[in-house]
Amino acid sequence: MNSDQENKAFHEKDLAWNKADALLALMSLSEKLGQLQQLDGGISKKALPQLIEEGKVGSVLNEANPMLIAQYQKIALEKSRLGIPLLIGRDVIHGFRTLFPIPLAQSASWNLDLVELGTRIAAKEATAVGINWTFAPMIDISRDPRWGRVAESPGEDPFLTTQMGLAMIKGFQGKQQYKDGNIAACAKHFAAYGLAEGGRDYNSANVGERQLREIYLRPFLAAAEEEVMSFMTSFNEINDIPASGNQFLLKEILRKEWNYQGMVVSDWESITEMIAHGYCKDKKEAAFKAMRAGVDMEMASTSYNEYLENLIKEKKIELSQIEVAVRRILYMKFKLGLFENPYPRTKNTDSILSNPHLEAAKQAAMESMVLLKNKNALLPISDEVKSLAIIGPLADAPHDQMGTWAFDGQKADSQTPLKAFQQMGSKDLEINYAPGLKISRTKDHDGFGAAIEAAEKSDLVLYFVGEESILSGEAHCRAHLNLPGAQEALLEELSKTGKRIVLIVMAGRPLILTDLLPQVDAVLYAWHGGTMAGPAIVDVLTGKENPSGKLPITFPRAVGQIPMYHAKKNTGRPATEGNWVPMDKIPVEAGQTSLGNTSHYLDEGFRPLFPFGYGMSYSSFAYNNLKVSEAKMTVASTISVEVEVSNTGKKDGKEVVQLYVQDLFGSVTRPVKELKGFQKIFLKAGEKQIVPFEISSKTLEFYDADLNLTTEPGAFKLWIGSDSNSSEFVSIELTE
Ligand code: BGC
């Protein structure tokens, strides 16, 4: 079958395409153009009902009022000539009213079932008000924590991001039926948005095609194969062409190569922003270039509606191009079942903030937290602790713990750590609360006195630091990644009290903790944990829940090391311990070539502060008997590699067992380690389990210099360990 035949066969299987065709045949040009338009509910409230009635709107975003949505759908269905329902789009990013941890945090759980459950819950709550389409998952590989949107991403790794993205798509879309509480998902932002120069949002991405495919496109290819119902283009230009007019990305790769049938929406005004990019001289050219590339729906701006008709008359755009776009949009509406009943699923209102939803959000928050330091097993808090000082601007910050993209969350629903400790209501535990700083950016020291006093009269200090939610997310990038305001100054004062200190970090990105670590006994990285962050943190600190999160992104020692990620290249002069001289040890007037000449920083070395995949538990896990079923394999064969993991501690716990691979020599150079599998397992204290992974040619494949996804015969190393730094490996050989 050629690809046209394949397309036809694909369509014929699915009646929604036939229905879309039948409807398309009845539509006027103006109605067709109307379907391509997505309008903001906020700015056009007055005009909107009229436009809907005239068939000039295909979709509305940023409207979550069920009465208005019902009204708009009624107009669309009953008053517009052809009765076409609206797609109601919304950024349901990490929960709807019940907020789950930010996506980066959820990725730290490495628990795909939990992530899928979280998105299913978000979808169900969203349908209660009439939302039928979310702009998620965001699957941009993010290796620069200065970039604010790192909070929204699953982190630095293509494999982990792919798995997280698929779990989210499954959770949101289910069987793609709006009536069952499913909503359409959207793979965004296509593409390489996370590669923004210097971590400055919206900035240019420059990347060779091999790396583009190997790293940045992998999660999107998987999303297309999973039949995600839509894609969103990105704001950035990539190799000098803005994504929303990028024929190579949208036509060549997405449509021709991947045969993607779903709908592509632009990002917010990203079509007309091609003027500021310097790629289009006016809105008309922007409409032309976006339609030429294959953007089906225009978000917020109106260049399609203003200029496509003329562009057709001038024969620059063919009517058939527009019909292809309309057909995809109609297909999505039929597929979701909106023509039968597009109204808010009010029966789902009862599920909003229901106990099962809050419990799932709490479990997600608990499994997202990463224990980074625990000197002398200070945590979990022991019974000997009779008084706690609760200090810091994030201890009772119901708004900030919701994180970025919390449009539908309400701070009154947030349960904070302070409140959760107070509600524990133990007579034997005195709580001394003094925030020290009002918000994370506070620079004055007015509250220090009370905070120090609280510390002095307590057995243990819990210092809740981090970032307000507004400091991460879209356009909220930072050049310094230390704790803002006077939080570090307060830590210094607290550490002078000689009390043991637990640092709980609530933030939207990795922060630089290098100088803070020596001043504290324990560090729990809790991110922005959502509605249930408080009770979740309390259960982890008190040991009701054993921490099991692992870093989905490398934590650098200093901003100057960025980008730092585990799947790096070796270079011709790799640094190792001992082959470089730290700056303060360099002899005076040392000879130019006497320092080792390897790839490192004189002042910060070559290692991160915490590697990708790292995270401690209250238990300990030993890895033994790493072995492969066969040391040789062919492209057609599958072998297995396994390890015995034992819980050698005294507490039951979960462990994320991680598989890494290195292809030692290739026609193109390969990273020192790549994540290729993981399993989150539960082991009771003293229990052990053999954890196997299958290795097939799929595990070993990569894009070669000619951009073929292939394997090459040769030697590979396989590691199974508890983080990306594990040293135990086995060798295998792939033969012809
Ligand atoms: C963001 C998108 C988002 C859209 C709609 C844009 O600014 O980049 O991720 O879905 O707004 O709110």
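We count ligands from 1, going down the list as the structure has it; atoms in each ligand are counted the same way.
Put simply, no part of E152 is less than 4.0 Å from ligand 1, judged by heavy atoms.
Proximity of M138 to ligand 1, defined as any heavy-atom pair under 4.0 Å, is not found for any part of the residue. When heavy-atom distances to ligand 1 are checked against a 4.0 Å cut-off, Q38 has no atom that comes that close, whether in backbone or side chain.
Both cation-pi conditions hold for K289 and Y279: the charged atom is under 6.0 angstrom from the six-membered ring centre and inside a 45 degree cone around its axis. In this structure, K333 is not positioned above the aromatic face of W17 in the sense of NZ or CZ being under 6.0 Å from the six-membered ring centre and within 45° of the axis.
At under 3.5 Å, a nitrogen or oxygen of H189, whether backbone or side chain, sits near a nitrogen or oxygen of ligand 1. For E474, a nitrogen or oxygen atom sits less than 3.5 Å from a nitrogen or oxygen atom of ligand 1, counting backbone and side chain alike.
Annotation for ligand 1: atoms under 4.0 Å from non-hydrogen atoms of K188 are 2 (C), 3 (C), 9 (O), 10 (O). Contact atoms of ligand 1 toward F135: 10 (O) (distance under 4.0 Å to a heavy atom of the residue).
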Stepwise side chain to side chain contact (heavy atoms under 4.5 Å, CB included) test for S59 and I88: CA-CA 6 Å; S59 171; I88 305 289; over 6 Å; no
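The neighbour count for E309 CD, taken as heavy atoms of other residues, nucleotides or ligands under 6.0 Å away, does not exceed 12.
Of all the listed residues (D201, T134, T233, D91), D91 holds the heavy atom that lies closest to atom 12 (O) of ligand 1. When the heavy-atom distances from atom 4 (C) of ligand 1 to I93, L61, D267, D40 are ranked, the shortest goes to D267.
A donor-acceptor contact shorter than 3.5 Å links the side chain of N305 to the backbone of L33.
Relative orientation of the Y202 and Y193 rings is parallel, given thresholds of 30° and 60° on the angle between their planes.
Taking the side chain as every heavy atom from C-beta outward, R292 and Q247 approach each other to under 4.5 Å.
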